[in-house]
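FYI, the numbering just counts along the sequence from 1.
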Amino acid sequence: MAPRSASLPAFQQRQVISEPDHVYGELKQSFMIGEFEPGQRLTLPELAAAFGTSQMPVREATSRLVVARAIEAMPRRSMRVPQATVERLDALLPLRLHLEGEAARLAALRPDPQLARRLARIDEEMRAMVPRQDTKIYLRLNQQFHFEVYRQCGNDDLVDLIELLWMRYGPLMSIVRSGVLSETGQVRHAEVIEAIRQGDPEVARAAICGDIAEAAEAIRARIATDKATPAHPKTE
């Protein structure tokens, strides 16, 4: 699937941590929220220019991303975001359902009205993005919503594994519009909020899994549509 845009996210160029850690953290976040598109090619020089740094910290950071299988190493020091395929979706989706469902269940073992209020505020912001069709902001808020829940699970290793999956999965989310994602997401998020408020772990797990699975169907449909649509020949 050819990327719709080759633009790069707006990275932060100042940091108080080491340059490789800063670059990796920025790239990791960008992958998690779908700011890179399937099939997009990246090079060390363009990333170094975007960060305002030398190629060395970028090389270290992207090497970590290759190990994490968020990007693929290509010839001539270039890299590529993995293509969007049904096979990739089907490989990652069951893992997300299992791990994120468990994190939500653990987070809702006890009522947490304060967390429910934070989630409701994020969800309101997401709803405001739908008419604007601003996919990037919508996905950023969606990530914030989910990880507000997951970080309350009491298991840092579980959260780390979920982050790894989001790095691999994020580009798949970038191929659908925010309006498509929001059609069922609003209902599921409301269910999550109420489950957290009431302390109902099984409802929280089912709502998170429903949110993920239903969004995946929109992604699956888009992959099928793009595969069925012939590419337009380039004009000279």
If you measure from CZ on Phe51 to NE2 on His22, what distance do you get to the nearest 0.5 Å?
-> 5.5 Å
Above 12 or not: heavy atoms from other molecules or residues under 6.0 Å from CE of Met56?
-> no
Within 6.0 Å of CG in Asp160, more than 12 heavy atoms from elsewhere | yes
Ion pair Arg105/Glu102, N-O distance below 4.0 Å | yes
Just wondering, do Glu163 and Phe147 contact through their side chains at under 4.5 Å, heavy atoms?
-> yes
Please assess Asp211 against Phe145 for the test side-chain contact (heavy atoms from CB on, under 4.5 Å), listing each intermediate value before the final yes or no.
-> CA-CA 12 Å; Asp211 184 27; Phe145 182 97; 5.8 Å; no
In terms of hydrophobic clustering (I, L, V, M, F, W, Y; side-chain heavy atoms under 4.5 Å; direct or indirect links), are Ile219 and Val86 co-clustered?
-> yes
Is Glu191 paired with Arg188 through a side-chain N to carboxylate O contact shorter than 4.0 Å?
-> yes
Euclidean distance, Met32 CE relative to Asn142 CG, rounded to 0.5 Å | 10.5 Å
Mind checking salt bridge (charged side-chain N to carboxylate O under 4.0 Å, His left out) for Arg220 and listing every partner two or more places apart, or none if nothing turns up?
-> Asp90, Glu217
In this structure, CZ of Arg80 is separated from CD of Gln40 (nearest 0.5 Å) by 12.0 Å
Taking every non-hydrogen atom, the tightest pair across Ile122 and Leu141 | CG2-O, 3.4 Å
Give the minimum heavy-atom separation between Ile162 and Ala103, together with the two atoms involved.
-> CD1-CB, 3.8 Å
Do the rings of His189 and His146 sit parallel, tilted or perpendicular, given the 30° and 60° boundaries?
-> perpendicular
Say you draw a straight line from OH of Tyr138 to CZ of Arg127; how long is it, rounded to the nearest 0.5 Å?
-> 9.0 Å
Stepwise salt bridge (charged side-chain N to carboxylate O under 4.0 Å, His left out) test for Arg121 and Glu124 | CA-CA 5 Å; Arg121 286 195 295 269; Glu124 287 177 7; over 6 Å; no
Would you name the heavy atoms of Val23 and Ala61 that are closest together and state the gap between them?
-> CG1-CB, 3.6 Å
Are Val81 and Leu164 connected, step by step, through hydrophobic side chains (Ile, Leu, Val, Met, Phe, Trp, Tyr) whose heavy atoms are closer than 4.5 Å?
-> no
Report yes if the side chains of Pro201 and Arg205 come closer than 4.5 Å at any heavy-atom pair, otherwise no.
-> no
Looking at Pro82 and Ala70, what are the two nearest heavy atoms and their distance?
-> CD-O, 3.1 Å
Are the side chains of Glu60 and Tyr24 in touch, meaning some heavy atoms are under 4.5 Å apart?
-> no
Run the side-chain contact (heavy atoms from CB on, under 4.5 Å) check on Leu47 and Met79 step by step: do they pass?
-> CA-CA 11 Å; Leu47 286 171; Met79 295 146 287; 4.2 Å; yes
Any link between Leu119 and Val203 through a network of hydrophobic side chains (Ile, Leu, Val, Met, Phe, Trp, Tyr) touching at under 4.5 Å?
-> no
Could you state the interatomic distance from CE (Met129) to CD1 (Ile137), rounded to the nearest 0.5 Å?
-> 5.0 Å
Identify the two heavy atoms, one from Ile33 and one from Arg140, that lie closest to each other, and give their separation to 0.1 Å.
-> CD1-NE, 3.7 Å
Scanning both residues in full, the closest heavy-atom pair of Leu139 with Gly34 reads CD1-CA, 4.4 Å
Rounded to the nearest 0.5 Å, what separation is found between the CD1 atom of Ile223 and the CG atom of Leu172?
-> 5.5 Å
Paired with Arg64, the side chain to side chain contact (heavy atoms under 4.5 Å, CB included) test is passed by just one of Asp21, Ile71, Leu27, namely Asp21
Given side-chain contact (heavy atoms from CB on, under 4.5 Å), test Ser174 with Phe36 step by step and report yes or no.
-> CA-CA 7 Å; Ser174 75; Phe36 289 101; over 6 Å; no
Do Leu106 and Leu158 come close enough that some side-chain heavy atom pair is under 4.5 Å?
-> yes
side-chain contact (heavy atoms from CB on, under 4.5 Å) between Asp123 and Val192, intermediate numbers included | CA-CA 11 Å; Asp123 195 52; Val192 172; over 6 Å; no
